[in-house]
Participant: 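Before we start, here is the structure in question, set down as structure tokens.
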Amino acid sequence: MTADAEADYDAIVLAGGDAERLGGADKPGVSVGGRTLLDRVLRASRGAGRTVVVGGRRPTARPVTWTRETPPGGGPLAALHAGLRRTGAPTVVVLSADLPFLDDGTVRRLVDAVDSGGREGALLVDADGRDQSLVAAYRAEPLHRELALIAAEHGGLSGLPLRLLTSELDLDRVAAGPLAAYDCDTWEDIVTARARIREHGNVLDEWITAVKDELGIDLEVDTGLLLDLARDAAHGVARPAAPLTTFLVGYAAARAGGDDAQAVAEAARKAGALAGRWAAEAAEAAEADGAAADKAGADGREDGRNGPDRSDGAGSR
């Protein structure tokens with residue numbers, strides 16, 4: 001089956017606009033944590049059967065379908081209409097391209113809310129209770145219907161606000177998790193996002209995700225397993241053994257084929273057991289050396305108490 005057939009939703013990412021508050025910079029192309037804002041949103045929606053990006057073409061970490069609204073810069077309703085025409089799934093997720101902390105779990109919650117609730121869409125609601133119309137899942141049929149009605153009433157869609165659409169739809173609300181609805185409208189927002197990524201609790205997961213995107217790897221990495229292996233190799237063998245061992249585990253897993261996550265776990269188990277045997281041998285050797293040193297010290301102390309050996313005539317008068 002194709003990805004389109006397997007997935008239950010398509011995604012539309014709106015990546016146009018002039019970004020006036022960023023001085024006209026290419027906002028979707030701004031880097032946060034080593035990845036563009038657009039690529040970060042594309043990763044969050046990677047479960048889509050088809051992903052349509054409405055905006056100017058640019059390099060992306062995964063393949064997408066490109067389109068533009070007519071005329072370019074016609075606003076969110078025109079952009080949404082352009083993207084909707086390139087989709088085919090009964091549900092579409094609509095996202096802006098400036099959400100650095102959006103994750104696939106949030107996208108999945110929105111889709112599930114539409115599929116299970118029987119309403120025409122589901123919007124993410126931020127911590128302040130505000131609807132996020134561009135972090136949402138919608139049924140495609142009501143979108144087509146309402147966009148056609150709005151276009152007929154106003155003579156087109158260009159320049160019209162998104163609320164003309166959302167006010168006509170029966171929508172559910174889904175509470176946002178921490179930072180899921182955080183968007184980047186200003187350079188201050190960008191600076192804040194970059195700082196948050198480097199915080200202690202986030203930096204490792206962010207780095208692993210960025211590396212996977214850069215290398216084209218879609219694998220759930222058990223970081224705890226690999227960190228434990230690196231620690232055991234460093235302590236039980238030698239510090240440089242840690243990165244080299246984890247590299248070899250990855251290489252072995254790639255050669256094994258099959259279930260990638262299982263192959264990594266099995267290779268890590270074998271390497272970890274080997275590191276454990278090395279550590280045990282080192283401990284035994286250290287214990288033996290310690291016992292030998294203790295014995296040598298005890299012998300020396302005994303000799304000191306008894307004094308040097310003397311013959312019967314030595315020192316006699």
Participant: To which residues is Leu248 joined in a hydrophobic cluster, defined by side-chain heavy-atom contacts under 4.5 Å among Ile, Leu, Val, Met, Phe, Trp and Tyr, whether direct or through other members?
Facilitator: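 Other cluster members: Phe247.
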Participant: Could you work out the complete set of other residues in the hydrophobic cluster of Val93, with links drawn between I, L, V, M, F, W and Y side chains under 4.5 Å apart?
Facilitator: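 Direct or chained contacts put Val93 with Tyr9, Val13, Leu38, Val41, Leu42, Val53, Val64, Trp66, Leu95, Leu99, Leu102, Val107, Leu110, Val111, Leu124, Val135, Val174.
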Participant: Taking only residues at least two apart or on different chains, which pairs with a member in residues 141-178 satisfy ring pair (Phe, Tyr, Trp, His ring centres under 6.0 Å)?
Facilitator: none
Participant: Sorted by first residue and then second, give each side chain to side chain donor-acceptor pair (under 3.5 Å) pair with at least one member in residues 169-181; sequence neighbours left out.
Facilitator: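 Residue pairs passing side chain to side chain donor-acceptor pair (under 3.5 Å), neighbours aside: Arg119-Asp170, Asp131-Arg173.
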Participant: Go through the structure and list residues passing salt bridge (Lys or Arg N to Asp or Glu O under 4.0 Å) with Arg145, not counting sequence neighbours.
Facilitator: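 Arg145: salt bridge (Lys or Arg N to Asp or Glu O under 4.0 Å) contacts with Glu120, Glu141.
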Participant: Tell me every residue that passes side-chain contact (heavy atoms from CB on, under 4.5 Å) with Thr70, counting only those two or more places apart in sequence or in another chain.
Facilitator: none
Participant: Sequence neighbours excluded, which residues qualify as salt bridge (Lys or Arg N to Asp or Glu O under 4.0 Å) partners of Asp260?
Facilitator: none
Participant: Only distances under 3.5 Å count here; give the side-chain donor-acceptor pairs of residues 229-244 to other protein atoms, sequence neighbours excluded, each with its distance to 0.1 Å.
Facilitator:
unit_1, atom_1, unit_2, atom_2, d
Arg231, NH1, Asp228, OD1, 3.4

Participant: Under the side chain to side chain donor-acceptor pair (under 3.5 Å) definition, can you give me all pairs with a residue in residues 87-110, not counting sequence neighbours?
Facilitator: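 The answer is Asp8-Arg108, Lys27-Asp98, Arg46-Asp104, Ser96-Asp98, Asp103-Thr106, Arg108-Asp112.
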Participant: Cut-off 3.5 Å, side chains only: do Thr186 and Asp189 have a donor facing an acceptor?
Facilitator: yes
Participant: Do any pairs count as a ring pair (Phe, Tyr, Trp, His ring centres under 6.0 Å) and have a residue in residues 88-116, sequence neighbours left out, and if so which ones?
Facilitator: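 Listed by first then second residue: Phe101-Tyr182.
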Participant: With Glu146, which residues qualify under side chain to side chain donor-acceptor pair (under 3.5 Å), at least two apart?
Facilitator: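 Applying side chain to side chain donor-acceptor pair (under 3.5 Å) to Glu146 gives none.
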Participant: Can you see whether Arg58 engages Thr36 through a side-chain donor-acceptor pair at a distance of less than 3.5 angstrom?
Facilitator: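 Absent: no donor and acceptor within the cut-off.
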Participant: Donor-acceptor pairs under 3.5 angstrom involving side-chain atoms of residues 266-280: please list them, not counting sequence neighbours.
Facilitator:
unit_1, atom_1, unit_2, atom_2, d
Glu266, OE1, Arg269, NE, 3.2
Glu266, OE2, Arg269, NH2, 2.7

Participant: For Asp10 versus Arg50, what's the shortest heavy-atom pair and its separation?
Facilitator: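 Looks like OD1-N, 3.1 Å.
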